[in-house]
Amino acid sequence: MTEIERYNPQSIEPKWQARWEQDQLYRAQPACDKPKYYVLDFYPYPSGEGMSVGHARNYVPTDLLARYYRMRGYNVLHPIGFDAFGLPTENAAIKLKVDPHELNERYSANYVRQYKLMGLSYDWSRLINSAHAEYYHWTQWIFIQLFNAWYDPRKDKACPIAELEAELAERGSHAIFDYIDDHPEHVGVVDKGTPPITAEQWRAMSRREQNDYLNHFRLAFQAESTVNWDPVDKVVVADEEVENGRAWRSGALVIKRTLKQWFFRITAYAERLINDLDTVDWPEAIITMQRNWIGKSEGAEVRFPVDGHDAEIPVFTTRPDTLWGATFMVLSPEHPLTLAITAPDQRQAVEQYVAFAKGETEEQRTAADKEKTGVFTGAYAINPVNGARIPIWVADYVLMSYGTGAIMAVPAHDQRDFEFARKFNLPIKVVVQPPDRTLDPTTMERAYEDKNGVMVDSGPLTGMSTGEDGCACIRAAIAYCQQRGIGKRRVNYKIRPWLISRQRYWGTPIPIVHTPDGPVALREDELPLLLPKVKEYEPGPNGESPLESIPEFVNAPNGRRETDTMATWACSSWYYIRFADPHNDKAIGDPKEIDYWLPVDVYVGGAEHAVLHLLYSRMWTKVLYDLGVVKFFEPFRVLRNQGLILSPQKKVDEHGREYYEKMSKSKGNVITPDEVIAEHGADALRGYELFISDFEKTVPWNTQGVPGVRRWLDRVWRIVLYPDVDKGAPTQMTARELRRIAHQTIQRYERDLEAFSFNTVVSAMMEFTNALYKARDAGLHHTPEWDEAIDILLRLLAPIAPHIAEELWCRLGKPYSITQQAWPKVDPEAVKAESITIVVQVNGKVRDRLTVPADADEAYILEQALASPAVRKFLNGGAPKQVHYVAGKLLSLVV
RNA sequence: GCCGAAGUGGCGGAACUGGCAGACGCGCGCGACUCAAAAUCGCGUUCCUCUCGGAGGAAUGUGGGUUCGAUUCCCACCUUCGGCACCA
């Protein structure tokens, strides 16, 4: 027996990692004629805790793809960088009393160390970091482009704000507003409630007033906004950081404060953000979530005059067909007309109610199954379609932020209105009778919301029934309103402007100076606006940004510098472009490189960013497309989400149900790649990350899984280097069969990898390895087919387990590096089988299996089947009534 | 409540276009090697029944349907996970 050297990843992995790094094997070439492949991971935030094996679920599959496409001859861009700005680092800096710049370097370096430990093939020459001025210079540059642009609805794209100024000076803004009226999908290009003006009015304005007006159109703009304020921590907190009205960190009751905030006008892109979803290959769930988030709904805006006042209240409705069934109207407590129209004897009650609603948290106000509340204003509106005088109420179930902040209430056909009407004894009027029964307002138990039915008591619509698409009555109602001049077709979107400013230190400074004439952007040659070093990172007593206390920063020659910084969503909205040319100090990137590399071919990350990052990035891409900076309008061609990895420990909840926890430091159940690699090596970790489950599924980590994969790699090691040792029982296999298995494995590998079915890629490789043991036991190992099979095995292994593949490749005396070898070609001749197995069924049950030559025809197979004793047993001596033959697979006999 | 995804052995999962359900791995059991253990190798491992070295039956969340044939297609329901949640 030969003395064998055991597979020892601890000695071979660091050796090859050092060699690869020295040789810079994974550098992408600049733009050239080669086909490109851009595979990208979601931009990671480098946390102080480092990575867990859950993070590797993202990085290993993309590395497999990168290595695979390199071997297939593509110029592969596989970069990484750090989304380094943001609150977690800032909070850590405050707590540890360490400069966040320093923490960033420390944490990023730890991530890089872990990436290298896993043998990931990133192009390290393209490493980027959002918190480096070299990077945020261009985040600021894009901010300026947005600030200096508006969305021209007629051109359906972003245009320089100077064009808007020229138009205002020449013709005013009426043409723009008229166009939006006729094309309601453009409602989001301008702030709600902005008045149209004439050229004379524009020219009469001061520069400050003009800037205020332009602000309603700019793609980056400042506006008043209500935010959650934590009086103990003295910070603004996000909605997500508020639980039951209390700040998550301090436990203090949050109060609402109105602050001036910076926004991006994502609403202008609502329609394109929906429509362009048809052009990407993304998980259906994410596409649906984005659609819902944008929340397009079509209907009509109808104006209701207020009885006895010189005022009209517009309402938005998706069911204009039910206009005749409106029996009351409801205003949001924040509606500007609420107090103005309130009758004197109701004033006290309404004021009280408005104050009560204002004091409610978002949580209380939108709680499920909340009892309806509201107060009568004492005023009446006139229903413009039938002159009916209907009471106007104020109630918190109507939100100021959606539609017009006022609704017409149709209790017979809207469940919310129904509940309100029942509670306050308001009349209910049925205007749509369902086809199968007759609704009686006095006995109805819930609203009939279906569109299907016949119109009753509805003026000109009476007797109409729902058309083919269910919207005939709606269209007729809109046409009627338009003709009478009381309403018009309208589109509403739920999506709101994207809040970008944070009164915090650790973020990209906003390149704006507030002058007596209003906000002015820095010139491009004044960038980057550096984040100054400070001693204290805590926000001021009233939530002022720490930047406010630095006179050298705040005081600009022409005014006061903006002290808000950008939320990290800005940094991550364009980083995928930067990788094309990451160190360019003249532009966000050389257009030649950007045009070559983008869009991203495959983008992989967790589903938690379904809406936020993926929506923001799409908007920025479209702005840059409109402005001619890039030539693509969707950044990520293919998107896939990896599933979560949970802790292996089974827990039982209070109902006795079993579940697995997420890995987290606070629960003390984190498994790190470091510990797994120390014990079993990076290749075994990589293999198990791929093998653990279906890529998109959430699954608990199994501590036995890595040793299982390690055993497979051990077997690979032994069969490649020591095929003569430890023979098993003799088996039957021909050289041709071995060759067929090798080439079929290439096919399965390619097919499964391209379908993101990485677990079956690994299992195909395990089967191939098992087949080699069998072939060895059949005495095949000194044949040319054996050498070819081993060669294929190692090439296919290289993307999964690069270290062991390189080591074995080297020991067989083949040329360095295996990662630079060509991908093996499938030989179609080798794949063909000479004999095939045909399953014989009788009445749908398998009764026998026949081995026949691959070219056997149906007649021959039928003859063989009828001769089989196992089959005859179930034929009861008769002939089959029906015969179904599936070529090469199955013969089904029916008796 | 609404929208989306998914339910297959003890566990993770596989099954290409309607055609052998349970590949591959984990775990478990038995055996070989060993003084012993580890490692390794071999065999077995969905459930039930029987006249058990064989044969038959049932089974892919539940109940129906289409089909010679359904994990796959259709209908209804149940459960789990994710998202949204008074959006007019």
Side-chain angles (χ1 to χ4, degrees), chain A residues 4 6 283-289 291-293 295-297 299 315-319 322 330 365-370 372 395-399 401-410 413-417 419-420 492-494 607-608 610-611 641 643-644 650 657 659 687-688 691-694 696-709 711-712 714-715 718 725-729 747-748 751-752 755 757 759-760 762-767 769-770 773 837-846 848-849 873 880-886 888-895:
Chain A
I4 71 165
R6 307 260 324 259
E284 207 45 54
I286 301 242
I287 290 186
T288 307
M289 277 192 235
R291 284 223 167 85
N292 292 343
W293 185 265
K296 180 181 183 177
S297 53
V315 302
F316 174 71
T317 174
T318 55
R319 293 294 303 276
T322 62
V330 187
R365 185 159 168 178
T366 59
D369 304 327
K370 191 192 168 203
K372 292 276 181 295
D396 64 359
Y397 82 93
V398 175
L399 309 173
S401 54
Y402 186 79
T404 62
I407 61 156
M408 64 167 200
V410 185
H413 304 293
D414 183 286
Q415 185 59 24
R416 297 155 300 184
D417 299 345
E419 285 162 17
F420 195 80
N492 234 291
Y493 300 91
K494 270 200 304 195
E608 67 275 13
V611 171
N641 299 124
L644 230 52
K650 204 179 261 182
R657 275 194 303 231
Y659 70 101
Y688 185 59
F691 188 62
I692 184 166
S693 174
D694 184 89
E696 302 199 341
K697 267 199 193 153
T698 292
V699 67
W701 185 257
N702 177 357
T703 49
Q704 301 294 330
V706 178
V709 173
R711 258 195 293 278
W712 163 55
D714 265 316
R715 281 164 63 75
R718 289 198 310 271
V725 178
D726 271 345
K727 273 199 200 308
Q747 277 187 324
R748 290 172 65 185
R751 187 194 68 200
D752 290 352
S757 178
N759 52 341
T760 55
V762 175
S763 67
M765 290 294 286
M766 288 171 167
E767 286 181 61
T769 309
N770 294 345
Y773 273 80
T837 302
I838 300 287
V839 171
V840 184
Q841 293 183 346
V842 179
N843 287 345
K845 286 194 162 62
V846 178
D848 201 5
R849 295 180 174 83
K873 195 167 142 196
K881 268 190 279 190
Q882 286 182 52
V883 176
H884 298 266
Y885 176 62
V886 182
K889 277 187 181 159
L890 171 140
L891 184 75
S892 181
L893 306 176
V894 186
V895 187

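Predicted, not measured: the structure shown is a model, and the values here were computed from it. Chain A is the first sequence line, chain B the second, and so forth, proteins listed ahead of strands; every chain is numbered from 1.
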Tell me: [atom1] of [X] to [atom2] of [N], nearest whole Å?
{"X": "A/L893", "N": "B/U67", "atom1": "CG", "atom2": "P", "result": "20 Å"}
{"X": "A/I287", "N": "B/C84", "atom1": "CD1", "atom2": "C1'", "result": "17 Å"}
{"X": "A/N843", "N": "B/A70", "atom1": "CG", "atom2": "P", "result": "12 Å"}
{"X": "A/R748", "N": "B/A15", "atom1": "CZ", "atom2": "C1'", "result": "11 Å"}
{"X": "A/Q841", "N": "B/G18", "atom1": "CD", "atom2": "C1'", "result": "11 Å"}

Counterpart base for [N], defined by Watson-Crick or G-U wobble contacts under 3.5 Å:
{"N": "B/G4", "result": "B/C81"}
{"N": "B/C68", "result": "B/G19"}
{"N": "B/U60", "result": "none"}
{"N": "B/C26", "result": "B/G10"}
{"N": "B/C50", "result": "B/G54"}

On RNA chain B, check which nucleotide each of A/L890 and A/W293 is closest to and give me the residue with the more 5' one.
A/L890

By nearest-heavy-atom nucleotide on RNA chain B, the more 5' of A/I407 and A/R849 is A/R849

Among [options], the one nearest [X] by side-chain distance:
{"X": "A/M766", "options": "B/A39, B/G19, B/G25", "answer": "B/G25"}
{"X": "A/A285", "options": "B/A88, B/C68, B/G4", "answer": "B/G4"}
{"X": "A/T288", "options": "B/C20, B/G4, B/C16", "answer": "B/G4"}
{"X": "A/K845", "options": "B/A58, B/A23, B/C41", "answer": "B/A58"}
{"X": "A/Q704", "options": "B/G19, B/C16, B/C26", "answer": "B/C26"}

Short N/O separations, protein against nucleotides 12-14 of chain B, under 3.5 angstrom:
| from | atom 1 | to | atom 2 | distance (Å) |
| --- | --- | --- | --- | --- |
| B/G12 | O2' | A/I692 | O | 2.2 |
| B/G13 | OP1 | A/S693 | OG | 2.9 |
| B/G13 | O5' | A/S693 | OG | 3.0 |
| B/G13 | O3' | A/N759 | ND2 | 3.2 |
| B/A14 | OP1 | A/N759 | ND2 | 3.3 |

Would you check, one step at a time, whether the test side chain to side chain contact (heavy atoms under 4.5 Å, CB included) holds for A/R748 with A/T760?
CA-CA 8 Å; A/R748 290 172 65 185; A/T760 55; over 6 Å; no

Give me the distance, rounded to whole Å, that separates [N] from [M] when you measure between the [atom1] atoms they each carry.
{"N": "B/C24", "M": "B/G13", "atom1": "C1'", "result": "9 Å"}
{"N": "B/A5", "M": "B/C73", "atom1": "P", "result": "12 Å"}
{"N": "B/C48", "M": "B/U72", "atom1": "C1'", "result": "26 Å"}
{"N": "B/G18", "M": "B/U71", "atom1": "P", "result": "13 Å"}
{"N": "B/C50", "M": "B/A37", "atom1": "P", "result": "38 Å"}
{"N": "B/C81", "M": "B/A76", "atom1": "P", "result": "24 Å"}
{"N": "B/G22", "M": "B/U60", "atom1": "P", "result": "14 Å"}
{"N": "B/C74", "M": "B/U66", "atom1": "P", "result": "16 Å"}

Please work out if [X] contacts a base, only the sugar-phosphate, or nothing of the nucleic acid, heavy-atom cut-off 4.0 Å.
{"X": "A/K889", "answer": "sugar-phosphate"}
{"X": "A/K881", "answer": "nothing"}
{"X": "A/T318", "answer": "sugar-phosphate"}
{"X": "A/V894", "answer": "sugar-phosphate"}
{"X": "A/G708", "answer": "sugar-phosphate"}
{"X": "A/R715", "answer": "sugar-phosphate"}

On the nucleotide [N], are OP1 or OP2 found under 4.0 Å from the side-chain N or O atoms that [X] carries?
{"X": "A/N770", "N": "B/G25", "answer": "yes"}
{"X": "A/R711", "N": "B/A39", "answer": "no"}
{"X": "A/R291", "N": "B/G4", "answer": "no"}

